[in-house]
Amino acid sequence: GLTSVLHQSGVRSVLASQWKVSDLATQELMRRFYENLWVKKQSKLEALRNAQLWMLEHPAELQAMGLTDATTRDKPRVLKKPAENQPATTKGRTSPYFWAAFQLSGDWR
């Protein structure tokens, strides 16, 4: 796949998604990833993990940003759930569909 080609061409690290995720969810995860990496000086692995944990643990803040499915019909849907019967949040947590797609390969330091 694309990850293998990038590694063969000399790219040391690749952060890629395993399935299609909304641009807005990806934008928020990447914003937090790079903030953790560059500002907080975390390793790539720590930066990704902490960005994913933030998304997992802050469904209300994501919803306020418009990053999760609307809870009312008058608000447009921004992210799509994998299935209609699967909630965007479960027991106060954001569904893994929105944050677990991202995988770091190569040099994780």
Other ILVMFWY residues reachable from Val5 by side-chain steps of under 4.5 Å
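Val5 shares its hydrophobic cluster with no other residue.
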
For Leu6, which fellow cluster members are found when Ile, Leu, Val, Met, Phe, Trp and Tyr are connected by side-chain heavy-atom distances below 4.5 angstrom, either directly or through intermediates?
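Leu2, Val11, Val14, which link up through side-chain heavy atoms under 4.5 Å apart, make up the rest of the cluster.
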
Using the test side-chain contact (heavy atoms from CB on, under 4.5 Å), find all partners of Trp19 that sit at least two apart in sequence or belong to another chain.
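Here the qualifying residues are Val21, Tyr97, Ala100, Ala101.
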
Approximate separation, where rounding is to 0.5 Å, of [X] [atom1] and [Y] [atom2]:
X     : Y     : atom1 : atom2 : answer
Phe33 : Lys44 : CZ    : NZ    : 7.5 Å
Leu48 : Leu37 : CG    : CG    : 10.5 Å
Leu45 : Asn50 : CG    : CG    : 9.5 Å
Lys40 : Glu46 : NZ    : CD    : 11.5 Å

Identify every side-chain donor-acceptor pair in residues 53-61 under 3.5 Å, counting partners at least two apart or on other chains, and give the distances.
| unit_1 | atom_1 | unit_2 | atom_2 | d |
| --- | --- | --- | --- | --- |
| Trp54 | NE1 | His58 | ND1 | 3.4 |
| His58 | ND1 | Trp54 | O | 2.8 |

Applying side-chain hydrogen bond (donor to acceptor under 3.5 Å, both in side chains), can you list everything that pairs with [X], at least two apart in sequence or on another chain?
X      : answer
Gln103 : Gln18
Asn36  : none
Thr3   : none
Ser105 : His7

Is a side-chain donor or acceptor of Lys41 paired with a backbone partner of Trp38 at a separation under 3.5 angstrom?
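Yes: the side chain of Lys41 pairs with the backbone of Trp38.
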
Contacts of type salt bridge (Lys or Arg N to Asp or Glu O under 4.0 Å), residue Arg12, not counting sequence neighbours:
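None.
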
Close side-chain approach of Phe102 to Thr26, heavy-atom, < 4.5 Å:
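Yes. Closest side-chain heavy atoms under 4.5 Å.
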
Scan for salt bridge (charged side-chain N to carboxylate O under 4.0 Å, His left out) pairs involving residues 100-109, sequence neighbours excluded, and state none if there are none.
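Non-adjacent pairs meeting salt bridge (charged side-chain N to carboxylate O under 4.0 Å, His left out): Asp107-Arg109.
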
Could you name each residue pair satisfying salt bridge (charged side-chain N to carboxylate O under 4.0 Å, His left out) that touches residues 25-34, not counting sequence neighbours?
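The answer is Glu28-Arg31, Glu28-Arg32, Arg31-Glu35.
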
